[in-house]
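One structure below.
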Amino acid sequence: MKLFNILKNCSTDYSLLNPKNISIKEITTKSFNVKQNFIFVAIKGSKFNGEHFIKKILHIRNIVLLLDKNSTFINSSLYKKNSKSIIISKDHIALANEITEKIFPSNINEKVAVTGTNGKTSICEYTRKIWEIEKRKCASIGTLGTIFKKKIISDSGLTTPISEDLNKILNKIYKKKCTNLILEASSIGIDKRRLFPLKFEKIAFTNLSRDHLDYHKSMKIYKSTKLKLFKEYSKKGSIAILNSDDKESCLFYKVCSKNNIKVFDYGRKARYVKIESITKTNETFIVQIKLKKKSHQVNFKCNSIFEIYNLICSLIIVYDKNLSIKHFDLLKKLKNPKGRIEKIYDKGFKIFVDYAHTPNAINNVLNALNMSKRNKLISIIGCGGERDIGKRDLMTKEALKFSDLVILADDNPRNEDPNKIRYDMQRDLSKEQKKRIRDIGDRKKAIQFALNNLKKNDILLIAGKGHEKYQIIKNKKIYFSDHETVNNLLTKKKNVDQ
């Protein structure tokens with residue numbers, strides 16, 4: 001595809017220096033990927049500035065540079081010595097995304113984006129599985145990777161992949177006749193405009209609580225970023241699926257009203273799928289639901305109330321105005337995704353792993369487990385390094401509300417001192433609260449300690465990692481699986497006991 005043909009179909013303003021209408025094969029922000037007939041986009045991030053890598057690729061023939069209008073490279077001696085074509089734009093990231101979409105086109109019938117602090121992964125999984133039951137050619141993109149035809153076909157390592165990776169994925173599954181797509185729209189992904197210029201047929205909101213404040217700096221900015229998904233990525237005829245019971249839901253209703261987005265909501269305050277009552281019986285919830293002016297009783301076999309909300313959200317995503325009570329029977333065929341309140345052991349005592357890594361998520365999961373506990377509830381929690389420091393003691397305080405014992409274990413300390421992280425997690429705790437805390441650090445030793453202290457009918461929650469099979473220590477990813485560690489330690493214990 002010729003450069004000039006690509007650019008004339010982009011809406012973002014630009015100018016050209018040394019214009020050459022060369023054939024373009026690909027576009028990338030990664031200098032080590034640049035080859036002949038590539039466009040290199042120099043982006044300034046928190047750690048690296050793409051412009052610093054330009055000199056390493058100038059020897060490659062037929063490449064084009066896409067730079068910010070304030071680029072220092074344009075006035076450098078390197079530029080004067082080379083005759084590379086350069087595209088300049090005051091919004092070069094938006095232009096790069098448009099070019100990427102032109103090089104890797106896709107036209108998937110129904111695209112759905114889900115945003116919110118918690119529940120995005122579960123809703124994506126449930127929705128994709130319902131589509132699969134309905135024989136749709138569907139895919140999901142998010143924390144668990146890209147899943148298409150029941151297989152993981154790629155893993156970007158990000159909840160919302162960067163634009164060049166996302167468009168390659170969309171192009172690939174579109175060529176394989178994918179008709180339905182659901183993806184997780186993280187606040188960071190939205191802020192970095194990884195989704196631009198996509199427009200979604202449906203957009204769902206789950207809930208909003210403290211997260212990523214190391215990046216967004218304030219809850220106000222965090223909220224406004226989430227709202228951008230509805231403001232900037234909807235189109236005429238788009239549908240919104242909203243959790244009416246979240247305390248911030250009014251913000252999303254207002255944006256939908258202003259942008260003429262039709263709303264299908266769910267929850268106790270909802271108009272569309274109204275939850276009239278929820279009653280817990282063993283591992284089943286009896287839920288009275290009002291749908292289209294008629295009340296129905298539905299049994300949900302799950303561990304928590306937030307699972308009920310996520311399941312209902314998924315049904316509305318799939319069926320919207322055509323949802324009927326018969327569709328609730330499909331929920332019997334669904335299982336939780338890996339690492340989401342996942343029961344991994346149930347012989348005398350129960351062990352769960354969960355991805356919960358925010359104060360609100362810890363509260364939700366432990367509250368759910370507390371409702372069914374018959375003896376003690378023990379939790380293992382940790383906090384990531386180089387992330388929101390302000391939430392660390394909040395995590396511990398939420399865990400202490402429901403746990404008889406809270407064990408502090410390292411999560412992903414990254415380049416931070418893990419001892420400092422765990423110290424922060426115990427900030428402003430009373431002497432009585434500290435009596436119920438064990439500061440261990442080493443994750444394997446923490447799990448071993450918990451297993452040694454489990455008695456009949458106890459419940460253990462290992463939180464923070466869920467499906468992940470690694471720890472990030474310094475700049476290295478070290479293999480570690482909570483699930484496998486539990487299995488290995490229990491097997492050793494069984495062999496010793498015999």
Side-chain angles (χ1 to χ4, degrees), residues 1-105 154 156-158 160-171 188-198 215 386 414-415 474-477:
M1 189 180 294
K2 292 291 186 178
L3 177 62
F4 295 173
N5 287 336
I6 295 173
L7 291 173
K8 76 178 183 180
N9 290 308
C10 295
S11 60
T12 307
D13 290 336
Y14 67 90
S15 58
L16 280 168
L17 300 178
N18 297 328
K20 296 175 185 176
N21 195 23
I22 64 175
S23 293
I24 299 299
K25 291 181 179 177
E26 202 165 316
I27 182 171
T28 183
T29 58
K30 305 163 188 173
S31 60
F32 52 83
N33 281 344
V34 177
K35 298 176 184 177
Q36 285 191 45
N37 300 94
F38 271 47
I39 298 174
F40 173 63
V41 189
I43 294 177
K44 186 176 181 180
S46 57
K47 294 182 178 180
F48 302 104
N49 185 346
E51 288 195 20
H52 295 161
F53 300 95
I54 291 176
K55 61 183 178 181
K56 293 183 178 181
I57 62 172
L58 288 175
H59 66 282
I60 303 172
R61 294 178 57 199
N62 290 340
I63 63 169
V64 178
L65 304 178
L66 175 50
L67 309 176
D68 179 77
K69 70 170 186 176
N70 297 317
S71 167
T72 57
F73 177 78
I74 300 167
N75 298 315
S76 70
S77 58
L78 271 176
Y79 167 64
K80 294 172 184 177
K81 290 178 183 178
N82 290 273
S83 58
K84 302 298 182 188
S85 285
I86 298 179
I87 310 167
I88 295 185
S89 175
K90 63 180 180 181
D91 195 350
H92 72 308
I93 295 175
L95 181 58
N97 289 1
E98 285 197 87
I99 292 171
T100 304
E101 189 189 42
K102 301 296 181 289
I103 296 172
F104 300 102
S154 71
S156 73
L158 298 170
T160 306
I162 62 174
S163 178
E164 62 187 273
D165 294 337
L166 177 59
N167 279 280
K168 285 179 184 177
I169 293 166
L170 298 183
N171 177 261
I188 295 174
I190 296 168
D191 187 65
K192 289 181 177 290
R193 292 181 293 174
R194 293 172 186 163
L195 298 173
F196 180 81
L198 293 174
Y215 179 89
E386 301 177 346
R414 297 181 177 86
N415 290 299
K474 300 297 183 182
N475 292 317
K476 294 182 178 179
K477 268 190 176 184

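All heavy atoms count here, side chains included; hydrogens, waters and symmetry mates do not. Numbers here simply count residues along the sequence, with the first being 1.
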Within the 4.5 Å heavy-atom criterion, are [X] and [Y] side-chain neighbours or not?
X: L65; Y: F73; answer: yes
X: K44; Y: N70; answer: no
X: F38; Y: I60; answer: no

Which heavy atom of [X] sits nearest to which heavy atom of [Y], and what is that distance?
X: K90; Y: D68; result: O-OD1, 4.0 Å
X: A42; Y: G50; result: CB-C, 3.8 Å
X: L66; Y: H92; result: CD2-O, 3.7 Å
X: N18; Y: K84; result: ND2-O, 3.3 Å
X: Q36; Y: I63; result: CA-CG2, 4.5 Å
X: K20; Y: S83; result: NZ-O, 2.8 Å

Look up atom [atom1] in [X] and atom [atom2] in [Y], then write down how far apart they are to the nearest 0.5 Å.
X: E51; Y: I43; atom1: CD; atom2: CD1; result: 11.0 Å
X: E164; Y: I169; atom1: CD; atom2: CD1; result: 11.0 Å
X: Y14; Y: E98; atom1: OH; atom2: CD; result: 10.5 Å
X: I27; Y: I103; atom1: CD1; atom2: CD1; result: 5.5 Å
X: I39; Y: I24; atom1: CD1; atom2: CD1; result: 4.0 Å
X: I99; Y: L95; atom1: CD1; atom2: CG; result: 4.0 Å

Decide, yes or no, whether a salt bridge links E26 with K35 under the criterion of side-chain N to carboxylate O below 4.0 Å.
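No, no charged N to carboxylate O under 4.0 Å.
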
Identify the residue among V34, V41, I93 that makes a side chain to side chain contact (heavy atoms under 4.5 Å, CB included) with T29.
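It is V41, the one option of V34, V41, I93 that forms the side chain to side chain contact (heavy atoms under 4.5 Å, CB included) with T29.
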
So, does [X] use its side chain to make a donor-acceptor pair with the main chain of [Y] at under 3.5 Å?
X: R194; Y: T160; value: yes
X: N37; Y: S23; value: yes
X: N97; Y: R193; value: yes

For F48, look at atom CZ and say whether over 12 heavy atoms of other residues, nucleotides or ligands are found less than 6.0 Å away.
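No, not enclosed.
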
I'd like to know whether K30 forms a side chain to side chain contact (heavy atoms under 4.5 Å, CB included) with I162, so could you lay out the CA-CA distance, the side-chain angles of the two residues, the decisive distance to 0.1 Å, and finally the verdict.
CA-CA 11 Å; K30 305 163 188 173; I162 62 174; 3.8 Å; yes

Could you walk me through whether D13 and K69 pass salt bridge (charged side-chain N to carboxylate O under 4.0 Å, His left out), step by step?
CA-CA 11 Å; D13 290 336; K69 70 170 186 176; over 6 Å; no

Derivation and outcome, side chain to side chain contact (heavy atoms under 4.5 Å, CB included), residues L166 and L198
CA-CA 11 Å; L166 177 59; L198 293 174; 4.0 Å; yes

Give the intermediate values and the outcome of side chain to side chain contact (heavy atoms under 4.5 Å, CB included) for residues I87 and L3.
CA-CA 10 Å; I87 310 167; L3 177 62; 4.0 Å; yes

CA sep, side-chain torsions, deciding dist, call: F196, S163, side chain to side chain contact (heavy atoms under 4.5 Å, CB included):
CA-CA 8 Å; F196 180 81; S163 178; over 6 Å; no

